[in-house]
There are 2 protein chains.
Amino acid sequence: MKDVIENKLKLRSVKPTAMRLLVLQALLNEKKALSLNELETILEHADRTTIFRTLKTFQEKFLVHRVYDGSGMVKYAVCDDDCNCSLQENHLHFLCTKCSTTYCLKDAPIAIPTIPKGFKAKYANYLIEGSCSSCN
Amino acid sequence: MKDVIENKLKLRSVKPTAMRLLVLQALLNEKKALSLNELETILEHADRTTIFRTLKTFQEKFLVHRVYDGSGMVKYAVCDDDCNCSLQENHLHFLCTKCSTTYCLKDAPIAIPTIPKGFKAKYANYLIEGSCSSCN
DNA sequence: TAAGGAGTGCAATGCCATTGCAAAGTTTAG
DNA sequence: CTAAACTTTGCAATGGCATTGCACTCCTTA
Ligand SMILES: [Mn+2]
Ligand SMILES: [Mn+2]
Ligand SMILES: [Zn+2]
Ligand SMILES: [Zn+2]
């Protein structure tokens with residue numbers, strides 16, 4: 001498992017510091033989008049700022065993507081290895097309003113609707129709110 | 001014009017106070033989603049809290065809907081007269097990253113993708129980021 | 001082995017949403 | 001008409017989360 005994580009970092013030219021391994025591991029373990037607060041709780045002795053900056057680095061290297069689920073907190077989820085966070089790769093996210101879990105639904109490709117003449121799309125964020133299978 | 005606004009309020013059983021008329025008028029004039037800050041700027045002498053609470057009332061009565069465009073600030077846009085903010089009525093929003101304008105694209109109905117078994121959708125928020133026709 | 005750069009931790013700041021409370025305005029019952 | 005009850009408003013305070021400044025530690029490299 002540690003190898004997998006180190007490889008992921010290497011693949012994106014991010015130096016594998018202790019903190020980075022921990023953050024990436026936490027995100028991979030949980031298999032869902034996590035907020036800074038949630039990560040802080042999971043990584044008990046890690047400093048909030050360091051996690052924040054780690055996530056910033058990860059974003060720049062396309063290791064994670066941000067998820068805006070309207071909960072007021074930004075969440076973060078791991079990208080696929082070949083992800084470039086391009087428009088085509090943007091996928092559906094689902095927020096369960098009962099358990100507050102935010103799922104990456106990568107299998108549900110999102111259709112880009114026709115937008116008015118002269119508009120150019122660069123990035124798509126499609127969120128569905130409702131209740132998840134665990135909560136129903 | 002004032003009649004139109006008063007009618008909109010009446011239609012939703014919201015008492016037409018001075019502040020409510022001003023806020024609704026501002027939203028209708030601008031024809032785009034506005035943040036609390038933007039409204040505060042437009043309505044120079046209005047108190048932020050009062051605008052906030054006015055918007056809260058408006059939301060409860062389906063006079064406006066919130067727009068989450070990832071800018072960090074919630075924006076608000078006027079609903080159609082017959083709107084109930086149901087899943088089917090949720091529409092596309094477009095954020096121009098150059099001029100920070102958030103458009104309601106009500107003519108672009110959004111397709112609800114297939115979600116996993118056991119998941120129930122209640123609300124959809126589809127945002128596209130890019131550049132608008134004025135900025136291109 | 002010294003110097004430069006990268007990563008980290010703590011404290012401080014900033015920004016926006018939200019709330020508490022009292023004053024002002026409006027409606028309603030008597 | 002008038003007082004009580006309710007609604008709306010304004011100001012000040014609070015709270016939550018994102019972000020930054022700065023100094024310290026750690027690692028790399030010449
Ligand atoms: Mn995702
Ligand atoms: Mn809209
Ligand atoms: Zn759930
Ligand atoms: Zn624009």
Side-chain angles (χ1 to χ4, degrees), chain A residues 5-6 8-10 12-27 33-61 63-77 95 97 100 102 125, chain B residues 5-6 8-10 12-27 33-61 63-77 95 97 100 102 125:
Chain A
I5 299 172
E6 285 188 347
K8 264 181 136 28
L9 289 173
K10 198 169 194 177
R12 303 290 191 158
S13 317
V14 176
K15 275 188 237 168
T17 68
M19 188 55 53
R20 286 171 182 170
L21 291 169
L22 284 173
V23 171
L24 188 49
Q25 174 151 60
L27 286 168
L34 295 176
S35 68
L36 198 46
N37 275 334
E38 289 167 327
L39 278 167
E40 208 182 351
T41 304
I42 294 169
L43 308 173
E44 282 191 50
H45 298 297
D47 179 71
R48 179 186 186 78
T49 311
T50 306
I51 303 176
F52 173 75
R53 282 196 265 239
T54 298
L55 290 168
K56 196 174 178 186
T57 303
F58 284 3
Q59 281 171 75
E60 287 157 1
K61 299 303 181 80
L63 260 164
V64 304
H65 57 274
R66 305 188 131 205
V67 185
Y68 299 102
D69 66 2
S71 68
M73 291 177 298
V74 182
K75 290 184 181 169
Y76 303 86
L95 168 69
T97 48
S100 297
T102 300
N125 191 23
Chain B
I5 300 172
E6 286 188 345
K8 263 181 135 33
L9 290 172
K10 197 169 194 177
R12 302 291 190 157
S13 316
V14 176
K15 275 188 238 168
T17 68
M19 188 57 51
R20 287 171 182 170
L21 291 169
L22 285 173
V23 171
L24 188 49
Q25 175 152 58
L27 286 168
L34 296 176
S35 69
L36 198 45
N37 275 334
E38 290 168 326
L39 278 167
E40 208 182 351
T41 304
I42 294 169
L43 308 173
E44 283 191 51
H45 299 298
D47 179 72
R48 180 186 185 78
T49 313
T50 305
I51 302 176
F52 173 77
R53 281 197 265 238
T54 298
L55 290 167
K56 195 172 177 189
T57 303
F58 284 3
Q59 282 171 74
E60 286 159 0
K61 298 305 180 77
L63 259 164
V64 303
H65 56 275
R66 305 187 132 207
V67 184
Y68 299 101
D69 65 3
S71 69
M73 290 177 298
V74 182
K75 290 184 181 170
Y76 303 85
L95 169 68
T97 48
S100 296
T102 300
N125 191 25

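Please read these numbers as outputs of a predicted model, since none were measured by experiment.
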Can you name the residues that form a salt bridge (charged side-chain N to carboxylate O under 4.0 Å, His left out) with B/E60, not counting sequence neighbours?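 Testing B/E60 for salt bridge (charged side-chain N to carboxylate O under 4.0 Å, His left out), a comparison that skips the adjacent residues, returns none.
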Set of residues satisfying salt bridge (charged side-chain N to carboxylate O under 4.0 Å, His left out) with respect to B/R53, sequence neighbours excluded: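 For B/R53 there are no salt bridge (charged side-chain N to carboxylate O under 4.0 Å, His left out) partners, ignoring immediate neighbours.
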Could you work out, with side chain to side chain contact (heavy atoms under 4.5 Å, CB included) as the rule, every residue matching A/T50, not counting sequence neighbours?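 Here the qualifying residues are A/M19, A/D47, A/T54.
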B/T41: side chain to side chain contact (heavy atoms under 4.5 Å, CB included) partners, not counting sequence neighbours: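 Checked B/T41 against side chain to side chain contact (heavy atoms under 4.5 Å, CB included); zero matches.
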[atom1] of [X] versus [atom2] of [N]: gap in Å, rounded?
X	N	atom1	atom2	value
A/L24	C/dG7	CG	C1'	17 Å
A/I51	D/dT19	CD1	C1'	15 Å
B/E60	C/dT18	CD	P	12 Å
B/L9	D/dT8	CG	C1'	14 Å
B/K61	D/dT8	NZ	C1'	14 Å
B/K75	C/dC16	NZ	P	12 Å
B/L21	D/dT9	CG	C1'	15 Å
A/F52	D/dT20	CZ	C1'	9 Å

Strand contacts (DNA chain D) in residues 35-43 of chain A, 4.0 angstrom heavy-atom criterion: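 A/L36, A/N37 - these, ordered by number, are the residues of the stretch whose heavy atoms sit under 4.0 Å from the strand.
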Are [X] and [Y] side-chain neighbours, meaning at least one heavy-atom pair lies under 4.5 Å?
X	Y	result
A/K75	A/L95	yes
B/L9	B/F58	yes
A/L36	A/V74	no

Closest approach to the side chain of A/K56, judged atom by atom: which nucleotide of C/dT8, D/dT20, C/dA17 is it?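 The nucleotide sitting nearest to the side chain is D/dT20.
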Nucleotide nearest A/R66 (side chain, heavy atoms from C-beta), chosen from D/dT19, C/dA17, D/dT9: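 Nucleotide nearest to A/R66's side chain: D/dT19.
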Sort me out a list of protein N/O and nucleotides 10-12 of chain D N/O pairs below 3.5 Å, or just none if empty.
residue	atom	partner	partner atom	Å
D/dG10	OP2	B/T50	OG1	2.9
D/dG10	O6	B/R53	NH2	2.4
D/dC11	N4	B/T49	OG1	3.4
D/dA12	N6	B/T49	OG1	3.3

Ignoring backbone atoms, test whether B/R48 places a side-chain nitrogen or oxygen under 4.0 Å from the OP1 or OP2 oxygen of D/dT9.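 For B/R48, the contact criterion (side-chain N or O under 4.0 Å from OP1 or OP2 of D/dT9) is not met.
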Distance-minimising heavy-atom pair for B/V64 and B/L55: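 Smallest interatomic distance, heavy atoms only, reads CG2-O, 4.0 Å.
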On DNA chain C, does the nearest nucleotide to B/K15 precede the nearest nucleotide to B/M73 from the 5' side, or the other way round? Give the residue.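 The answer here is B/M73.
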Is the backbone N or O of A/E40 less than 3.5 Å from a side-chain atom of A/R48, with the two atoms forming a donor-acceptor pair by type?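 No, A/R48 side chain to A/E40 backbone: no donor-acceptor pair under 3.5 Å.
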